[in-house]
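Before any comments, here is the structure.
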Amino acid sequence: MQNRRSILSGLAALIAGITTGSVLWPEDADAGPRARKRRRVRRKVKRRVRRRHRRRVVSRRWRNRRRWVVPVALVVGWELAHEDRIVVVKEIKVIEVEGESTEAVITTEGEEILIEREDDDTNGKAEQGSTLPENDTKTPAVETDEEVEIEVEVEE
């Protein structure tokens, strides 16, 4: 049987042990259970990626107006790379310039560019376009499997 003295001495020893632990190792006193160490690791993963069609175009003067020479198969959603800029085709429409009907591309910035449809060596090669979001299924795109580096947290 335990008497009052043994209960009080046991309680005093418990309090002394708790305070000694918090005095000697203060960082561990409030830490609670230890968390596992995590580190970030880069891994290569193959993913299916959808990219816009991109073609390089050149400009040509015709009746003192600059026109872009684009592929015959040009549709809305394609990217056109001209010199040092890239534009996305938002709309293709027929307009009248000096009494003659011609095609024009409306870009996503609202710019109107006169075009001439013709397949040649410069616009015949497909280039790697910008990546489309996964939920965009309406924009014409090329699907490819690519190796992508991702960061993953690994527990030790």
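Contact record, L132 with A141: CD1-CB, 3.5 Å, taken as the closest heavy-atom pair. Considering every non-hydrogen atom in both G124 and R55, the closest pair reads O-NH1, 3.8 Å.
T107 has its side chain within reach of I113: a pair of non-hydrogen atoms, C-beta onward, lies under 4.5 Å apart. Taking 4.5 Å as the limit, every side-chain heavy atom of V75 sits out of range of all side-chain heavy atoms of V89. Counting heavy atoms from C-beta on, the side chains of E103 and K93 never come closer than 4.5 Å.
The structure places CZ of R67 at 12.5 Å from CZ of R117, a figure rounded to the nearest 0.5 Å. Rounding to the nearest 0.5 Å places CZ of R63 at 10.0 Å from OG1 of T102. Between I106 atom CD1 and I92 atom CD1 the span is 10.0 Å, to the nearest 0.5 Å. A distance of 8.0 Å separates CZ in R54 from CD in Q128, rounded to the nearest 0.5 Å. Put simply, CZ on R47 and OG1 on T144 are 13.0 Å apart, with the number rounded to the nearest 0.5 Å. The distance from atom CG of L80 to atom CG of L74, rounded to the nearest 0.5 Å, is 5.5 Å.
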Going through the distances and angles, do R85 and E109 end up as a salt bridge (charged side-chain N to carboxylate O under 4.0 Å, His left out)? CA-CA 12 Å; R85 67 183 197 153; E109 292 88 29; over 6 Å; no
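Applying the salt bridge (Lys or Arg N to Asp or Glu O under 4.0 Å) test to residues at least two apart or on different chains, the pairs with a partner in residues 119-133 are R56-E127. Applying the salt bridge (Lys or Arg N to Asp or Glu O under 4.0 Å) test to residues at least two apart or on different chains, the pairs with a partner in residues 139-149 are R42-E149, R48-E143, R48-D145, R50-E143, R51-E146. Counting only residues at least two apart or in different chains, salt bridge (Lys or Arg N to Asp or Glu O under 4.0 Å) contacts with residues 130-140 are absent. A ring pair (Phe, Tyr, Trp, His ring centres under 6.0 Å) check over residues 71-111, counting only residues at least two apart or in different chains, returns the pairs H53-W78, W68-H82.
The other residues sharing a hydrophobic cluster with I95 are V97, L114, where clustering joins ILVMFWY side chains under 4.5 Å apart.
A salt bridge between R43 and E151 is absent, with no side-chain N of the basic residue lying under 4.0 Å from a carboxylate O of the acidic one.
Remark: V88 pairs with R52, E79, T108 by the side chain to side chain contact (heavy atoms under 4.5 Å, CB included) rule, at least two apart or across chains.
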